Structure formats: C-alpha cells, structure tokens
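By convention in this document, chain letters (A, B, ...) are assigned in the order of the sequence lines, proteins followed by strands, and residues within each chain are numbered from 1. As the structure is a computational prediction, the values presented were derived from the model and not from experiment.
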There are 2 protein chains.
Amino acid sequence: MKRLVDYSLYLCTDRELMTSKTLEECVERAILGGVTCVQLREKQASSLEFYEEAKRVLQITKTYGVPLIINDRVDIALAIDADGVHIGQSDLPTNEVRRLLGKEKIVGVSARNVKEALDAYKAGADYLGVGAMFSTSTKTDAEVVSKEELKKIQQKVNLPIVLIGGMNARTIPEFLSFKVQGFAVVSAIVSEKNVTHAAQELKKIISSFGCR
Amino acid sequence: MKRLVDYSLYLCTDRELMTSKTLEECVERAILGGVTCVQLREKQASSLEFYEEAKRVLQITKTYGVPLIINDRVDIALAIDADGVHIGQSDLPTNEVRRLLGKEKIVGVSARNVKEALDAYKAGADYLGVGAMFSTSTKTDAEVVSKEELKKIQQKVNLPIVLIGGMNARTIPEFLSFKVQGFAVVSAIVSEKNVTHAAQELKKIISSFGCR
C-alpha cells in the first residue's frame, strides 16, 4: 500500500543557493531540523551527475525515513528506486508518469490554477505543488497564484496541497488559515547558515498552527 | 526477438542546424534519401517538448520501418515506446538503462576508447557510437578518436560500430576499409538544402563499399 506522506515541511534542493559543502550534508541537516519530505531538483547537472547525486541523497533520506522525490526525471527515479517524482507543466504528462512509475510511487504535480489542478487529479497525481505564491529568487519567471485561486483549487480538487514560491518564516503564517498540507521551501532553508536551525524555526511555525 | 538493425546511414537530429521547417519533415526527407536509423537528440527542449516531438517523429519512423532511438532520456523512450536509447558517458549507466528498457530495446553507447567500449559491452550495449572521429561544429569539445584506437576497439569488442563526428561525403571514404557497421551523420544531412539528396549521396558512397 502507498505510504502516507507528511508534506508539512517539504524541502526543495538547490545546489546553487546552498551554504552547505555538499547536497547530502544540506539534506541531512535539514532533516535533522524537521524536514518531512525532500525533492531533489537538478536543472544543470548531466544525467549521470543527477543519478549519482540522487543515489547518495537517497541513502540519507532512507536513514531518516523521509521520502525522496525526484524533480522531472522519471528515469532517474526508476533507476535509483526513489519514492516519487514531481513534475511541472512542461515535464512529461502526469498520466505517462503515473504509468511509468506504477501505483505505489508518489506523483506530485505543479499547478497554478483550477484547470491544471483538476487535470493533475484526473491523471493520477498524489499531491499538488501550488504556486508560486510569491515571485522568488529561485524562479523569477514563475506566475504568481492568488489566494482566491488557491481557495478555488482547495474547493474543487481533493488532493493534498503543498504551497511553493517565497515560503519563509514571514510568509508561511499568511497561509496557515488555508489548512494546506505543507509548505515547500528552498532558499529559506538551503541558503541559511544554520540549515538545521532554519528548518526547526519553520517547523515550529507550521506546528503551532496544527499543520502536523 | 530483438530486431536486426541496419545502422549503415544513421541520422542524428539537430534542430538548430536543420534547414527543414520541422523536425518531422527533416526526418521524413532523410529517410526518403536512405537513412536507416534515426536518433532524436534534444538538449535544449523541455521534457514535454521532447516527448511531444518524439511522439510525432515516431509516427514517421514507424511508417517507414526505421528504428527511432532517443538520446539520453530513458523515460521519454519508455513513454512513447521508442525502439531504443543512445547514451553518452555522462548519461545514466549502461546497466541501468538496459534494466529500465528491458532486453528487447536497442541500447547504444558512445565510446572513445577500448575501456569505454568494453564497459559498454559488458553492461549490455547493442552497438557503439565511436567518435568524434573529427572535431565538429555540433560538438566542438568532443575528444577525437584516432584510427589506431578505432582499430583496437574493433579487435577487442564484438559489437556493431557506428562512427560519428565530422562524417560526410569527404570523410566517410577514409573509414570504409574499417568495415564498420554504420556512419552517424548530423550536419551533412540536416544542414543541407536538399536533405533527401544529401542522404542519397551518402548512401551511394556507403553502399559502393559494401557496407549494406
């Protein structure tokens, strides 16, 4: 049976923004601070580099029982037997990803509006990454999703929602009344000098509002 | 059973170099001129664009009974049910690609020396792409393989060899005494005004030397 995933503090990696020496170190420190789910994102690496990195990171996430989700590359997820794949609107279609990964793996889909969210639901997604909630340094070209649209998605689509885009200690409280399942964080964790502490602080905020 | 592949005139696509309006048009014209195998190479496209393109090209290659091989992306090959995958030394490891694709699909591996060729053989490759035989406009950073190294690879590794890198009507005859199984061509076909004619001319040269 598919495992229940705790999406509450969802880390997206970014090698260019991180302060840690290695990605493995960054991921481990973030998990020690309370990160519940890790998405490995590599847009510049070769397939081999991505594969090798993913294998190393999987050793760590497995040690702590945290799921590892691979961004975009279904073949790399299959090769290393990761827990799932996260796809955007310019990646492989959701139904193909579901078919290639099988029923047991996690499939996450980025959605910016009700249509994309419903399409993802129908095609077999397990959760939605909704955003960008703010324009961010990691994705400057990302379309911003309004709170009204987020509300509509929640009303029409019965899937866990992870908010992404500009999520940090200042912005997360703005969304706690929405009762989403999680917050995806990039720079507010990986760019901090003390990654563990940064994750702990975010965790406290999220927990104080009853989101896990 | 795995099909026997005619590698003799092997087209590698390159959207940036092509004179045709669409890649499908380019591939069809090349096949009409005698191309026996097509490798779809997309280094800039999004996963979705690559997937959609691959589906369209597969319609054409199927019509003519020519195998379609996808560069690097095993997931895209699986999603569209392509005939195989070609990987370089910075792509997924050959044994993983073989495992993901199964026994029946074609796995090609780029090799620049005996070690890489032997490794590919042991890991389950079906053929080798050996080169670059010359430095080329499509891969300016490619290491050039000497004729001595090519000879050694042929002596030590029992796999079909397709030569790549600067292959055109002027250079192909230099290699005909090596009795390789094929010649991979990019710009000498796709950049030509008359793609069909360019392929026909190369085909004539290759055939005149008894390579298919």
Engineer: Do A:Glu149 and A:Asn113 meet the criterion of a side-chain donor-acceptor pair at a distance under 3.5 Å?
Structural biologist: no
Engineer: So does B:Lys21 pair up with B:Glu25, basic N to acidic O under 4.0 Å?
Structural biologist: no
Engineer: Using distance alone, with no hydrogens and no angle criterion, decide if A:Tyr127 and A:Gln181 have a side-chain donor and acceptor under 3.5 Å apart.
Structural biologist: no
Engineer: Relative to chain A, which segment of B:Glu52 carries a heavy atom at a distance below 4.5 Å: side chain, backbone, both, or neither?
Structural biologist: neither
Engineer: Do you know which of B:Glu96, B:Glu49, B:Arg99 has the most heavy-atom pairs with chain A at a distance under 4.5 angstrom?
Structural biologist: B:Glu96
Engineer: Pick whichever of A:Asp75, A:Val74, A:Leu48 has the most heavy-atom pairs under 4.5 Å with chain B.
Structural biologist: A:Asp75
Engineer: With a 4.5 angstrom heavy-atom cut-off, could you sort out which part of A:Leu100 is near chain B: side chain, backbone, both or neither?
Structural biologist: side chain
Engineer: Using modelled atom types only, decide if a donor and an acceptor are shared between the side chain of A:Glu174 and the backbone of A:Thr171 within a distance under 3.5 Å.
Structural biologist: no
